[in-house]
Structures are given as structure tokens and as C-alpha cells.
J.: 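My questions will all concern the structure given below.
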Amino acid sequence: MKGNDCIQDRPILCLNHKTYNFSNLQLATFFIISPILCILIYFFLSLQMNYWIYEFTSFFISFLLNLLFNLNSQVIIYPNHDIFPSIFIPNHPFDGAYAITINCIAGHIFSFIIGVILLVPSSKVGSIKKEFVWRKIKVLAISTSGIFLLNVFRIIFLLYFNFKGIPFEIIHESLFFLSAVIGALFFVIVLEHWLPELFVSIYYLYRLIYSKVQ
Amino acid sequence: MSQDKIRCSKCGNLVQKDLMYCIHCGSLLEPAPISSPAPIQSTSFTPPPTTPIKTKTIIPYKTIIYFAAVALIDLIVSFFVMNGFQLPITSFGQLYLIFFLVVAFSLGLLWLAGANTSSSGGSGGGYEGCGYVIGAIVGIAIGVPIILASTFSTIATSIGDAISEAINNAISDAFTEMFADVEIPGFEPLLFLGLFAMLSIIIMYRYHLKTKKNSLSN
């Protein structure tokens, strides 16, 4: 009964017919380790062993560009894997070559999504571990694939509009604003629907601090 | 069994009488009858049948309309810029701040409108909520960076340069196999993260209102 006595001392939140209670260790793990994990994932994505991600994204973009707009684009892969792959569009009014870097494949966003979702704490009360892990996997799959597709279509329209004569800087920033808004909204909706523990844990920390201060 | 404990109607475990929720299964505990409590059979207890709670799916029309409006404004501004219109700003940092300013006040107005239509009592809670939201968003996303930037601009620049140089050196030292030009995330992820933080604040404020309502009704 020692553990239950500890739970009784802490606030229990009741939201949407569910109860939530987190331990100090869970909250500390989430708020301290998840930023570090995000940075480590970002570095991991930059490693040469992950060249296949850039390669796959470039080929996917090139395939869709040719399929949708018939631009005859080609992917340039460097055999030593020391330079980012490029997409080349012939008969281009400007340069026609685009390097697909880590920011182009939204590496920072993926790092953030994976790092945060992996360490979301589960409630100590009224939560089934198996069901919680399944929800985490579902959110990971949906959010990463959704953001990947959103980013791919952003690049496709960016290259197409640039090919049509719109300056790169203008169309890049404009499409970026639009896709960032859609992406953030999509991610928040997915999280709130399947993994509300993320927001609840932050709110729980606020309640905990508030109760301690009082 | 002591008198200060009651049995949970869902899982059947004994819990403290003054608790609101069961510490074993988390379900809402029903208050015990005041007069002549019935003896609880500890050996053959069967929990009463519970009816599943039907949750109604609420479509966030206001949020969808809001983001559609943001996208429309984005397209209109892009059209003007493409046709030669120059924005009266010099950097994208300023544009970012203006964007947040517009988003914050629009959200505040939406919140205010929603609170006025939904609250029939007219207690003024909507106005208060609007004030909190605008204050929090403006304070976090705009006020703090402006104050910091204006106060410590030269120091911040030198510190930022030193940090980025140190990170670059650390990366190049630690990972020799890595690409030569690893990009440090700059402006781009900030927009995504800023929007995410802003929406999270709204969701948490909604949780706050819900818990407040629950505690009042109990």
C-alpha cells in the first residue's frame, strides 16, 4: 500500500472520463530527456548511414514530379555518399538543381515528433500499458507518415512553381508557412485524439507546482 | 474493515472514503449513503453493470475556419509580394513576430466570440479567458523575445555566434563520418514549434477549464 499512499498525496486529474496521475520520475524523464533525445535523433538522421532516407525522398519526389507534371526530373546520387542527393530538372529557367538536405526532408520536425512521442508518460492510474504502447505506435506512424507526405508535396509544388518562373525565395517561404501551419495543426489534432497524455502531463506539472507553491 | 473506507463500484477494491476517484481503476467514486451504511460483503462482491459512455465527436469548426483564413491570407500576401509589393520589414524575424501577433489577437477574438455565445450566464469568464490567452501568447511568443533582443542584442549575438561555433566544432569533432555541412536548425522549425506550443497552451487551458468545472460540480 506504500505506492498507493504516495498516489493519494498527489493530484489526480479527471478529464474526458479518464483519470491521470504521473510520478515525479516520469515527469522528469519526459521534460529533461526528451529534448536531449530530439537532438540525438537529429544528429542520427545526419549520419552517413542514413543516406538512404535522402535517397528515397529524392526518388519519391522525382517520381511524383514526373508523374504529376511531366518534368523529366532526374536524381543525382553521389557514389561516396558525402554530398546530399540532388534533383535536376532540365530546361529550367533558373538553375534547375536542388540539393535535398536534412532540413528539406524535415529532419528537425521528425526528430521533435519521435523524441517527444517516445517519452510521453503513461498515467499511473487507470492506464493499461499495452493499450498505451499501441496508441503511441499509432500516433508515431500516423504523424510521421502525414508530415512526410505533407513535406514531399510541399517540395513538389515548390519545384513546380519555381520551374514555372516564380522566384525560389518567395515560393519557398510561402509554401513553408502554409505547410508548417497545416503540419502543426495536424500533429496537435492527432496527439489530442490518441495521445492526450502529452498535454495532460504538462498541465499536471503545472498543477503540481501550483499545489506545492500554495 | 474500517469505517473510513468504501468499496469501488467498478473494481471492488477498498479505498479511502474521502477520495473522489478510485486509486486502483481511476473511476469516479460514488458517495456513501449518510444513514445506516449497509454491510459490504468482502468475499462475493459483483460490480454492478456499467453502461458505456457515448462520446460525441465535436468538429472544431472555429479552428478549421481560422486556419483556412490564415492560409487564405498567406496566399493573398504571396500574390502581392510576387507582383512587386515590398513588405515594410527587413528580416523574416520581424515577419515571424508579426505573424504571431496576428495569430494571437485573432485567437483571442475567436475565444471571446465563442465564450460570449456559449456562456448564457454572462459571468464574464469568457473575457477573463480571452485576456489570459492573449496575455500568455503575446507574453511568451512576442514580449519575451522582443525584450530580450532589445536589451541584450549585442551580447545575445555574440553568445549565439559562440554557441553555434561551439556546436559546429563539437559536431565536426565528434562525428567524422558525418556530412561536412550539417545544418543547425534555423528559422524553419521555429514556426512549427511555435505553432505547436501555442496550440498546446490552448488545449491545456481547455483542460484547466474542464477540471475547474468538474471540481465545481462535485
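All chains are named by letter (A, B, ...) in the order of the sequence lines, taking the proteins before the strands, and each is independently numbered beginning at 1. Only heavy atoms go into these numbers, but all of them, side chains included; no hydrogens, no water, no symmetry mates.
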J.: Measure A:Ile189 against the heavy atoms of chain B and call it side chain, backbone, both or neither at under 4.5 Å.
T.: neither
J.: Quick check on the structure: residues of residues 141-151 of chain A within a heavy-atom distance below 4.5 Å of chain B, by number.
T.: A:Ile147
J.: At their closest point, which heavy atom of A:Ala184 faces which heavy atom of B:Phe196, and how far apart are they?
T.: CB-N, 4.2 Å
J.: If the condition is side-chain contact (heavy atoms from CB on, under 4.5 Å), which residues does A:Phe44 pass it with, not counting sequence neighbours?
T.: A:Leu47, A:Met49, A:Asn50
J.: So how far is it from B:Ser200 OG to A:Leu191 CG, rounded to the nearest 0.5 Å?
T.: 8.0 Å
J.: Please classify the contact between A:Ile171 and chain B as side chain, backbone, both or neither, with a heavy-atom cut-off of under 4.5 Å.
T.: neither
J.: Quick one: what part of A:Pro167 sits under 4.5 Å from any heavy atom of chain B, side chain, backbone, both or neither?
T.: neither
J.: Is any side-chain heavy atom of A:Ser179 closer than 4.5 Å to a side-chain heavy atom of B:Phe192?
T.: no
J.: What are the two closest non-hydrogen atoms of B:Thr211 and A:Leu13, and how far apart are they?
T.: CG2-CD2, 3.9 Å
J.: I need the A:Ile202 CD1 to B:Ile201 CD1 distance, nearest 0.5 Å.
T.: 9.5 Å
J.: Looking only at heavy atoms, which of residues 204-211 of chain A get nearer than 4.5 Å to chain B?
T.: A:Tyr206, A:Arg207
J.: What part of A:Phe199 is in contact with chain B, defined as an atom under 4.5 angstrom from a non-hydrogen atom: side chain, backbone, both or neither?
T.: both
J.: Which residue pairs pass the salt bridge (charged side-chain N to carboxylate O under 4.0 Å, His left out) test with at least one member in residues 35-58 of chain A, sequence neighbours excluded?
T.: none
J.: Sort A:Leu185 into side chain, backbone, both or neither according to what part of it lies under 4.5 angstrom from a heavy atom of chain B.
T.: both
J.: More than 12 foreign heavy atoms under 6.0 Å from CG of B:Leu72: is that the case here?
T.: yes
J.: Locate the shortest heavy-atom distance separating A:Tyr203 from B:Met204; write the atom from each residue and the value.
T.: N-SD, 3.8 Å
